[in-house]
Each structure stands twice: as structure tokens, then as C-alpha cells.
Amino acid sequence: MSLPQSHRIAIVHKPGGPEAIEIVERPLALLRDDEVLIRTAACGVNRPDTFERMGFYPPPPDAPEGLGLECAGEIAAAGAAVDRFKPGDRVCALVTGGGYSDLVIAKAGSTLPLPDDIDLVAAAGLPETVFTVWANVFETGGLAAGEMLLVHGGAGGIGTTAIQMAKAAGARVIATAGSDKKCRLCRRLGADVAINYRTGDFADTVRAEGGADVILDMVGGDYVQKHIDIAKPGGRIVQIAFLQGSRVEVDLMRLMLKRLTLTGSTLRARPDDEKARLAAAIETTVWPWLETGQLQPEVQATFPLSDASAAHRLMDSGDHAGKILLIP
Ligand SMILES: NC(=O)c1ccc[n+]([C@@H]2O[C@H](COP(=O)([O-])OP(=O)(O)OC[C@H]3O[C@@H](n4cnc5c(N)ncnc54)[C@H](OP(=O)(O)O)[C@@H]3O)[C@@H](O)[C@H]2O)c1
């Protein structure tokens, strides 16, 4: 069967608002030996895509052209060195770019097979958040059963995934969100406590709960000091973004006294073999939670790929809860 020669991707000529996104036809790159070609059922939209659109998050130099970090669909072709996947297999994949497309090239090592009963469209919302939560909450943060996780943005893509994965692992979860409605979603997904940070101080609630063992922070700013103050002895604070700024003045005395770890990471720039290692660990530990229903992609809205600008408009509004997906 001959392969398509071209695909549609979403590019940004000049950084700006959602209207800066353009859908264009491009020749399909040659498939390398360690890659697969995925005919997508859907592509996930993530907050980092909006930063990239605005020109604040340049892609790594070797990333494929175009916005988009994840997708799900069926294998259309597999490279010569790929023995794990064959045409027709249902998969989802993490990519470093070009994920908003009808045909996506992914490294086989960053591609995961999907259980039969998982909806192929919803599965497009899994890779970016599952890889991020696994790498930061479980590997770096070392969250263990019985421990307390504090996660901000609990109703967002990362937040909804973190709540479910932490609960599946037997941990307790405190989530913050910006409205009572979003807090209800956090509780529905399993959060033991959900705090509307606009109407109360989350730090008081965390203290009342005895502190947090692991804190997943995408906010930064004045949260950094609060986290040092409310972490339990031996606690781990993991930065994955700085929505309120990365320049802060903090008093590190409690960090020393409580033997805290303050660390962070980004996913996109990690080398392919590191992503393959993460994928293998996820398949072993997290994928069974998909089969038991303990982890379910929380989808807020779908848009046609041709209307990626509308999807970004919704994400920019902050009104979304869960994932936004594009249908090619
Ligand atoms: N380091 C990494 O490897 C990595 C990987 C993926 C994502 N990220 C980062 O993780 C963050 C979340 O990504 P996502 O895709 O889950 O985005 P998302 O779906 O938009 O969720 C982000 C949530 O953060 C909350 N929020 C926004 N601004 C805030 C602020 N100033 N203070 C407190 N909360 C705020 C919003 O909820 P409320 O309405 O409740 O405030 C929103 O639900 C992004 O900043 C992204 O860049 C990092």
C-alpha cells in the first residue's frame, strides 16, 4: 500500500494570539527506521502549545515542524527497525512537534499500544500529561502509597491526570483550582480535598491536613515559599512550570531543617532513549490503571483540526477543565 505524500500541520508564522495558527499542507518526511507513522484519530492540545504559539517556548532544534505534542490513532506504517507495531495497531504517542496533524511521525519508543476498550479519540489526551506526571510525581517526586500529594491546576490537563494517577497508586490528594465547579471535578476524579484558591488560602488547608509529601507546582511565584513552609519533613517539591513567575525571593531555612528537595524538569527536551525508558515504565505501571478504569482521560471539548485557533481560544480563556482535543 502506498503511503500518503503529504499531511496537514498547524504552524505559526508570527507568534501571537490564537488567530496566528495556520493549517498548511506539507510533504511528509521520510520515515526513519525507528519511527512509526500514525493516522490520527485526535491530537491533544496542551498549555505549552499556547506558549509556543506566543513565541515563549521554542521547540527543540530537531523537532518536527508544527504545533502539537501528542496524538492517538492507528499505525499507518512502521520503520524498518520497528518490530513492535504493525499497520492498524491502535496507539498513542508523545512527539516533540507536529502533533496537530492527520498523519504524525513518532519515535516507536515514545509510542504506546492502547487497550481495546479505550476510546481512540480520548486517548489522544493521555501521552503529554501521563509522561509528565509519571516523570515528576512518581520518579522525581517518589510519591508512595499513603503519602499526600498537593497538585495545583487540579482541573487542568496535568491536574486531572495527576489526581487519578496518585489515587490509583494509593496516595492521598489535595488539589487546588480556580472555581467551585473545577473543585467539584477534582473531587469527582478522586481528590480527597479540593480548594478554590480564589476564595481561601490553600496553605492553611494543607497545614490542617498535616502537610504534603510531594508538591507538583506549575505556579511558582509566591507559591514557592508557601510550599517550603507546608511540605512535610523529607518532602519533595517539583516545579514543572511558573505560571506566576520563576524569579522569587525565598527563605530556605525550612528547606534545610525539614530536609526538603526542591527540583523540577521539562519533558520535551529529554532525549529519545529517556522518553523510551519512561514509556516502558508507564506501560508497566500506569497502563493497567487504564484497563481498570482508575485512569480515564478527562475530555472537555473537541474541535476540528481546521479550527485549532478556537481550541487555543478556549485554553487561553482558562474556562476549560480537562483536555481539549483536535479531530483531523
Ligand atoms: N515541565 C514539563 O515537562 C511540563 C509538561 C507539560 C505541561 N507543563 C506545564 O504544566 C502546566 C499545566 O499544563 P496543562 O496542559 O495541564 O494546562 P491547563 O490544562 O491549562 O491547566 C493549567 C491549570 O492551571 C491553572 N492556572 C492557570 N494559571 C494559574 C495561576 N496563575 N495560578 C494558579 N493556577 C493557575 C488553571 O486552572 P484554574 O482555573 O483552576 O486556575 C488551569 O486549569 C502548564 O504551565 C504547562 O506549561 C510542564
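Whatever order the structure lists ligands and atoms in, that order sets their numbers, starting from 1.
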*Have a look at ligand 1 and work out which part of Ala135, if any, has a heavy atom under 4.0 Å from it: side chain, backbone, both or neither.*
neither
*asked:* Under 4.0 Å, heavy-atom basis, I'd like to know which part of Glu128 is in contact with ligand 1: side chain, backbone, both or neither.
replied: side chain
*Check ion pair Glu52-Arg268 (N to O, under 4.0 angstrom)*: yes
*Return yes if some donor-acceptor pair links the side-chain N/O of Thr161 with the main-chain N/O of Thr129 below 3.5 Å, else return no.*
no
*Give a yes or no answer on whether the side chain of Arg90 reaches the backbone of Asp116 with a donor-acceptor pair at less than 3.5 Å.*
yes
Which residue holds the protein heavy atom closest to [atom], what is that atom called, and what is the gap in Å?
| atom | value |
| --- | --- |
| atom 45 (O) of ligand 1 | Ala241 CB, 3.2 Å |
| atom 18 (P) of ligand 1 | His320 NE2, 3.5 Å |
| atom 24 (O) of ligand 1 | Gly153 CA, 3.7 Å |
| atom 15 (O) of ligand 1 | Arg47 N, 3.2 Å |
| atom 41 (O) of ligand 1 | Tyr197 OH, 2.3 Å |
| atom 10 (O) of ligand 1 | Ile240 CD1, 3.6 Å |

Using heavy-atom distances only, which candidate in [options] approaches [atom] most closely?
| atom | options | result |
| --- | --- | --- |
| atom 4 (C) of ligand 1 | Leu314, Thr132, Thr176, Val219 | Thr132 |
| atom 40 (O) of ligand 1 | Gly318, Gly178, Gly44 | Gly178 |
| atom 11 (C) of ligand 1 | Gln239, Gln300, Met218, Lys181 | Met218 |
| atom 37 (O) of ligand 1 | Glu52, Lys182, His152 | Lys182 |
| atom 29 (C) of ligand 1 | Leu243, Asn136, Leu216 | Leu243 |

Among side-chain atoms of [X] and [Y], is any donor-acceptor pair under 3.5 angstrom?
| X | Y | answer |
| --- | --- | --- |
| Ser265 | Asn136 | yes |
| Arg53 | His312 | yes |
| Asp49 | Tyr100 | yes |

Run the numbers for me: atoms of ligand 1, each under 4.0 Å from some heavy atom of [X], listed by number.
| X | value |
| --- | --- |
| Ala177 | 40 (O) |
| Leu267 | 2 (C), 3 (O) |
| Gly156 | 16 (O), 19 (O), 21 (O), 43 (O) |
| Ser265 | 1 (N), 2 (C), 3 (O) |
| Thr266 | 1 (N), 2 (C), 3 (O) |

*Should the ring pair His227 and Phe202 be called parallel, tilted or perpendicular, given that the plane angle runs from 0 to 90° and is split at 30 and 60?*
tilted
*Angle class for the Tyr197/Tyr223 ring planes (parallel below 30°, perpendicular above 60°, tilted otherwise)?*
perpendicular
*Ile215 and Met218: same hydrophobic cluster, using ILVMFWY side-chain contacts below 4.5 Å?*
yes
*According to a 4.5 Å side-chain heavy-atom criterion applied to Ile, Leu, Val, Met, Phe, Trp and Tyr, with indirect links allowed, do Trp287 and Leu278 form part of one hydrophobic cluster?*
yes
*Phe131 side, atom CZ; Glu139 side, atom CD - distance, nearest 0.5 Å*: 10.5 Å
_Between CZ on residue Arg39 and CG on residue Asp102, distance to nearest 0.5 Å_ = 8.0 Å
*For ligand 1, is Phe131 a contact, meaning one of its heavy atoms is under 4.0 Å away?*
no
